[in-house]
Enquirer: 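Have a look at the structure that comes next, please.
Note that the structure is a prediction, hence the values are computed from the model and not measured. Order of the sequence lines sets the chain letters (A, B, ...), proteins ahead of strands, with each chain counted from 1.
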Amino acid sequence: MSDTRFDPSTADGRWQRAWGEAGSFVADSDSDKPKSYILEMFPYPSGRIHMGHVRNYTMGDVLARYKKMRGHEVLHPMGWDAFGMPAENAAMERGVHPGEWTRSNVEAMKAQLKRIGFALDWTREFATCDPEYYGHEQALFLDMYEAGLVYRRSSEVNWDPVDMTVLANEQVIDGKGWRSGAEVEKRKLDQWFLKITDFAGDLLEGLGDLEDWPEKVRLMQENWIGKSQGLEFSFDLSSGEQLPVYTTRPDTIFGASFVAVAADHPVAQSLAAQSEDVRAFIEKCKRGGTTAAELETAEKLGYRTAITAKHPFTGEPLPLFIANFVLMDYGTGAVMGVPGHDQRDFEFATKYELPIARVVASDPADADKPFTGEAESGDGMVVNSDFLNGKSVEEAKAEVITRAERDGWGEGTTVWRLRDWGVSRQRYWGTPIPFIHCDTCGVVPVPKAQLPVELPENIDFAEPGNPLDRHATWKHTTCPKCGGEAQRETDTLDTFTNSSWYFLRFASQPENRPFDPEEVAKWLPVEHYIGGVEHAILHLLYARFWTHALARMGMLDVKEPFAALFTQGMVTHETYALGDGSWLSPDEVRRDGEDYVHIESGTPVTTGRVIKMSKSKKNVVDPDAIIERYGADAVRWFMLSDSPPERDLPWSESGIEGCWRFVQRLWRLFDQIEPAATGEDKVLARKAHQAIVAVAEDIEALSFNKAVARIYELTGAAEKAERSLDRNFAIRTIMHLIAPMMPHIAEEAHARIGTGDLIVDEPWPEHDPAMLVEDEVTIAVQHKGKLRDTLTAPKGAAKDDLEALALASEKVQRSIDGATVRKVIVVPDRLVNIVT
RNA sequence: GCGGGUGUGGCGGAAUGGUAGACGCCGGGGACUUAAAAUCCCCUGAUCCUUGAUCGUGCGGGUUCGAGUCCCGCCACCCGCACCA
């Protein structure tokens, strides 16, 4: 070949078209080959691909292409998580229809992905806003309703009175709506719920099998599900009522000195009905903030009622409080207060001068030891507790539960932190909930034959509120049961439902139902699922829930959809700011020696921390501009180099230039294949065989940065070597090893120096096991653990020989300096350590 | 507060208990060139009495012939959850 430079501006597109025409990445579910389903979390079509997407999809792409070379039939699909708020915001701000906005973003982003050369099966592409997709979702929702997993109840929500919509907790900032700035109200609305709590145990247990998930994510989900075991029992109140409470520390029951209920507990509410003071107190509780900082410093507040609660063992009357720190939606909304062994109770008791009794001590002799300003929640022996005295905490827990159950006043229970999933959203751009409200028949499901319930196109965002609700005709329909006048449900489903089953639809796309279980079984579970850790709980828990639920409903055989999960780090960049604190983008600054200056004004720029690329900090680099300049392969290589994939990757101009230089280095090397070359180069051949094995291992372990380093090493060695048959082999090997990572230059080289059609259809190179073994090794010689010399010895040399060689070393003798050799440790093929 | 992670040159990072710093970036020197770009070669942890030696993987101990790696105790930073009874 004569070209001295690899030109991605022509080559990239040529090979992308070639793969497209050959259908190289179309997955065949009828193939006999072993199957690999490689999936990256599908993007929200926000408008443009960012570097985070590029990194995410490059990792998946390397795996997909590698698996294909390894003889697997690979499913590597792409689609669009296309419902959501930004589309409605665009509609409100710019008057574009959300659908139109979304679809044009999809087109733009698809073109961008294609320019990066990802090995995607575009024949399976869909967007969740396609009526075909959300229609099937509606069908699944109805199936779940049939199975008793969907219900409706009234629930408190954040209501923005100006925008007339429900806000997510994240959208409430300092008690105000994030868009309108209006004071957010708490409102009770009828909402649809999915019964995820029915699966709390299954979802927790299932985590145990997910060995290839990051420990961190498993723990986050475990904590989120929040299993706790304890005793639920009822106090007899002096008012004649029963008050159920829940405790995880029944062993401390003799230390209880008060009972407290939440402000919105029925007992508190009924007291409020009679007393102005109680009403005022409850109001005060509700005003308390809920941010972390506020909770940290929040004062414990209590209102002492005239009611007392009878202790189940001692019969003593305990005062009943209404307290701000008791939560209505955990346990029973009421607690027994044991100040000695719970920090909150301790603070509360101190403030309201309640007795603080010790009922657990590290030693029985310390039964009367005073507290040192805080509760002791640790383990120990139970004291001052009648029949429990002398028992361990664990024994005492069991004993109290046994007695409560025997005497019928309480029982051991499991309480979960996990709440049912409220899926109602008062929004337009989502999956319409397929139900009809009939005055006569109540809430009636839409018959499946009438699905999809499609969103109306002609909508109006000029006014705040849900456009579906005020649409002139859309919601008016007839009741499927009685045929009378009825109204459609105008709420739509939370967008997280869309991403809870999309991986099933990628695997199987029948027209008449959501998926075909047999087809799904061919591909699932997903072999590698790659995405950001920000989805560790919500998306990943919901997707597991849907899969478990569909399995329990008999619609699927898989329970866990993702066999292995990988959470990749973010792409970060330095930040630049002017003296007045305003941020500058990387292309507004110029390097001036060690420092940076603002190009326009020439004023010095302060460089800030290396943080995630974000528009607000202006430290964003647009992938398109980089690809335009350096080509897809250099960008892909950068995404894989240096940082381990789970850590953050700092973007740098010099880094991408280094990658570009390497692309050109490879190009020159590929040009050095010498058809007439003869002779061998065993050392280089060995390195090539070793690299074949090592790079494969690194890719399989997702240690792309190490694979990259190996390829650099082999490239360096091949460049320096004399022409030989083995050198030709090494060069062709490099071409194959880089194929999953830099597929364009690999194809271009393959067309010239390879055999066969496309390199994407080539197998991973074979290695010769005999060539992995070195015949000479470097032995380190230590004296008292410190390196003194190195020597070369034949592989597998006898221990005695190595010892003799080591002692013969002049440097070693100088270090020993005549001392008596007491011991010699020989590690074959590695080192000799002489101890004096 | 609870849970988890990370800490190695100027920077990103390598290193089955066995030669710490592979590989990349930055920097320095040189070659080629009228010059520049590109490319190639060499150097690049610190210190010193520089043919060599000493120190060096957040800090302090320990185990070991040998510790970045294992154990104990700290520190710092990052992330998640959090008045969860």
Enquirer: Tell me what A:Arg661 touches on the nucleic acid: a base, only sugar-phosphate, or nothing, going by heavy atoms under 4.0 Å.
Expert: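 If one applies the 4.0 Å heavy-atom cut-off, A:Arg661 turns out to touch the sugar-phosphate alone, with no base involved.
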Enquirer: Using side-chain heavy atoms (C-beta onward) and a distance below 4.5 Å, is A:Val326 in contact with A:Val261?
Expert: no
Enquirer: Check this for me: does the side-chain of A:Arg830 come within 3.5 Å of the base of B:rU16 through a donor and an acceptor?
Expert: yes
Enquirer: Calculate the interatomic distance between A:Met220 atom CE and B:rC78 atom P; express it in whole Å.
Expert: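 Going from A:Met220 (CE) to B:rC78 (P), I get 17 Å.
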Enquirer: Go through B:rU39, B:rC81, B:rA22 for me and flag the one nearest to the A:Ala709 side chain.
Expert: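 Output: B:rA22.
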Enquirer: For A:Lys784, look at atom NZ and say whether over 12 heavy atoms of other residues, nucleotides or ligands are found less than 6.0 Å away.
Expert: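 At most 12 heavy atoms, drawn from other residues, nucleotides or ligands, come within 6.0 Å of this atom.
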Enquirer: Taking B:rA53 as the reference, what is the distance to B:rU64 when you measure between their C1' atoms (whole Å, please)?
Expert: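 It comes out at 25 Å once rounded to the nearest Å.
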Enquirer: Do A:Asp420 and A:Thr197 have side-chain atoms, one donor and one acceptor, less than 3.5 Å apart?
Expert: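 Result is yes, a qualifying pair exists.
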Enquirer: With the side chain counted from C-beta on, respond yes when A:Ile834 and A:Gln782 share a heavy-atom pair under 4.5 Å apart, and no when they do not.
Expert: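 The answer is no; the side chains never approach within 4.5 Å.
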Enquirer: Give the rounded distance in Å between these two atoms: CD of A:Glu646 and C1' of B:rC79.
Expert: 14 Å
Enquirer: Within this structure, what is the CZ-to-C1' distance between A:Phe233 and B:rA85, rounded to whole angstrom?
Expert: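 Rounded to whole Å, this separation is 11 Å.
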Enquirer: Say whether, by atom type as modelled, one donor and one acceptor occur between the side chain of A:Arg636 and the main chain of A:Pro740 under 3.5 angstrom.
Expert: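 Judged by distance alone, yes, a pair lies under 3.5 Å.
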Enquirer: For atom C1', what is the distance between B:rU57 and B:rG45, given to the nearest Å?
Expert: 11 Å
Enquirer: Just how far, in rounded Å, is P of B:rC84 from CD of A:Glu232?
Expert: 18 Å
Enquirer: Could you state the atom-to-atom distance from CD of A:Glu215 to C1' of B:rG80 in whole Å?
Expert: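 The answer, rounded to whole Å, is 14 Å.
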Enquirer: Using heavy-atom distances to pick each residue's nearest nucleotide on RNA chain B, tell me which of A:Leu327 and A:Lys706 is more 5'.
Expert: A:Lys706
Enquirer: Between B:rA38 atom C1' and A:Gln664 atom CD, what is the distance in whole Å?
Expert: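 My rounded result for the distance is 10 Å.
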Enquirer: Any donor-acceptor pair under 3.5 Å between the side chain of A:Lys300 and the base of B:rC83?
Expert: yes
Enquirer: If the P atom of B:rG10 is compared with that of B:rU44, how far apart are they to the nearest Å?
Expert: 15 Å
Enquirer: Please pick, from B:rC41, B:rA53, B:rC83, the nucleotide with the shortest atom-to-atom distance to any side-chain atom of A:Arg788.
Expert: B:rA53
Enquirer: If the P atom of B:rU6 is compared with that of B:rG21, how far apart are they to the nearest Å?
Expert: 23 Å
Enquirer: Quick check on the 6.0 Å ring-centre criterion: do A:Phe638 and A:Trp651 meet it?
Expert: yes
Enquirer: When the C1' atoms of B:rA85 and B:rG5 are compared, how many Å lie between them, rounded to an integer?
Expert: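 The answer is 29 Å between these two C1' atoms.
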Enquirer: For RNA chain B, please output the secondary structure as dot-bracket, reading 5' to 3'. Pairs are Watson-Crick or G-U wobble, both atom distances under 3.5 Å; mark crossing pairs with [ ], other-strand partners with |, unpaired with a dot.
Expert: (((((((..(((.....[....))).(((((.......))))).((((...))))..(((((..]....))))))))))))....
Enquirer: Please classify the nucleic acid contact of A:Gly226 as base, sugar-phosphate, or nothing, using heavy-atom distances under 4.0 Å.
Expert: nothing
Enquirer: By the rule that syn is within 90° of 0, classify the base conformation of B:rG61 as syn or anti.
Expert: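 This nucleotide is in anti.
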Enquirer: Return yes if a side-chain donor-acceptor contact under 3.5 Å exists between A:Arg727 and A:Gln672, otherwise no.
Expert: yes
Enquirer: To the nearest angstrom, how far is A:Arg665 atom CZ from B:rC23 atom P?
Expert: 11 Å
Enquirer: Take atom CG of A:Asp789 and atom P of B:rA53, then tell me their distance rounded to the nearest Å.
Expert: 10 Å
Enquirer: Measuring only the C1' atom in each nucleotide, how far is B:rA36 from B:rA31? A whole number of Å is fine.
Expert: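 That atom pair is separated by 16 Å.
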Enquirer: Using side-chain contact (heavy atoms from CB on, under 4.5 Å) as the criterion, point out the one residue from A:Ile711, A:Val708, A:Asp633 that pairs with A:Phe662.
Expert: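 Going through A:Ile711, A:Val708, A:Asp633 one by one, the side-chain contact (heavy atoms from CB on, under 4.5 Å) with A:Phe662 is satisfied by A:Ile711 alone.
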Enquirer: So, do A:Trp409 and A:Phe313 have ring centers that fall under 6.0 Å from each other?
Expert: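 Ring centres of A:Phe313 and A:Trp409 closer than 6.0 Å.
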Enquirer: What's A:Arg419 touching, base or sugar-phosphate or nothing? Going by heavy atoms closer than 4.0 Å.
Expert: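 Contact class for A:Arg419: none.
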Enquirer: Is it the case that atom NZ in A:Lys687 sees more than 12 heavy atoms from other parts of the structure closer than 6.0 Å?
Expert: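 Atom NZ in A:Lys687 is not packed in, count stays at 12 or less.
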Enquirer: Between B:rA85, B:rC81, B:rC55, which nucleotide gets closest to the side-chain atoms of A:Ile537?
Expert: B:rC81
Enquirer: With a 4.0 Å cut-off on heavy atoms, is A:Thr778 in touch with a base, just the backbone sugar-phosphate, or nothing at all?
Expert: base
Enquirer: Given A:Tyr352, which of A:Tyr303, A:Phe321, A:Phe258 fulfils the ring pair (Phe, Tyr, Trp, His ring centres under 6.0 Å) condition?
Expert: A:Phe321
Enquirer: Mind checking whether A:Lys216 and A:Thr567 have side chains closer than 4.5 Å, heavy atoms only?
Expert: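 No, every pair of side-chain atoms sits at 4.5 Å or beyond.
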Enquirer: Taking the minimum atom-to-atom distance to the side chain of A:Thr247, which one of B:rC83, B:rA85, B:rU19 wins?
Expert: B:rA85
Enquirer: Quantified in whole Å, what is the P atom distance between nucleotide B:rU19 and nucleotide B:rU69?
Expert: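 Their P atoms lie roughly 14 Å apart.
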Enquirer: Measuring from the side chain of A:Tyr712 (C-beta onward, heavy atoms only), which nucleotide among B:rC23, B:rA15, B:rA85 has the closest atom?
Expert: B:rC23
Enquirer: What protein N or O atoms touch nucleotides 9-13 of chain B N or O atoms at under 3.5 angstrom, if any, and at what distances?
Expert:
| from | atom 1 | to | atom 2 | distance (Å) |
| --- | --- | --- | --- | --- |
| B:rG12 | O2' | A:Ser643 | OG | 2.8 |
| B:rG12 | N2 | A:Asp642 | OD1 | 2.9 |

Enquirer: Can you see whether A:Arg710 engages A:Gln690 through a side-chain donor-acceptor pair at a distance of less than 3.5 angstrom?
Expert: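 Looking only at side-chain atoms, A:Gln690 and A:Arg710 do not form any donor-acceptor pair under 3.5 Å.
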Enquirer: Should A:Glu719 and A:Arg665 count as an ion pair when the cut-off is N to O under 4.0 Å?
Expert: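 Here A:Glu719 pairs with A:Arg665 in a salt bridge, since their nearest N and O are under 4.0 Å apart.
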Enquirer: I want to confirm an ordering. Mapping A:Ser654 and A:Lys216 to their closest nucleotides on RNA chain B, which one lands closer to the 5' end?
Expert: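 Its nucleotide being nearer the 5' end, the pick is A:Ser654.
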Enquirer: Write down the distance separating the P atoms in B:rA14 and B:rG24, rounded off to the nearest Å.
Expert: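 Between the two P atoms, the distance is 15 Å.
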Enquirer: Under a 3.5 Å threshold, yes or no: a donor from one side chain and an acceptor from the other, between A:Tyr712 and A:Ser641?
Expert: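 There is no such pair between these side chains.
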Enquirer: So, is A:Arg668 close to the B:rA38 phosphate, meaning a side-chain N or O under 4.0 Å from OP1 or OP2?
Expert: no
Enquirer: Answer syn or anti for B:rU64, where the cut-off is 90° from 0 on the glycosidic torsion.
Expert: anti
Enquirer: Quick test: give all pairs of protein nitrogen or oxygen and nucleotides 62-71 of chain B nitrogen or oxygen below 3.5 Å, distance rounded to 0.1 Å.
Expert:
| from | atom 1 | to | atom 2 | distance (Å) |
| --- | --- | --- | --- | --- |
| B:rC65 | O2' | A:Asn833 | ND2 | 3.3 |
| B:rC65 | O2 | A:Asn833 | ND2 | 2.5 |

Enquirer: Within the 4.0 Å heavy-atom criterion, would you say A:Val781 contacts the bases, only the backbone, or no part of the nucleic acid?
Expert: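 Counting heavy atoms under 4.0 Å across all strands, no contact is made by A:Val781.
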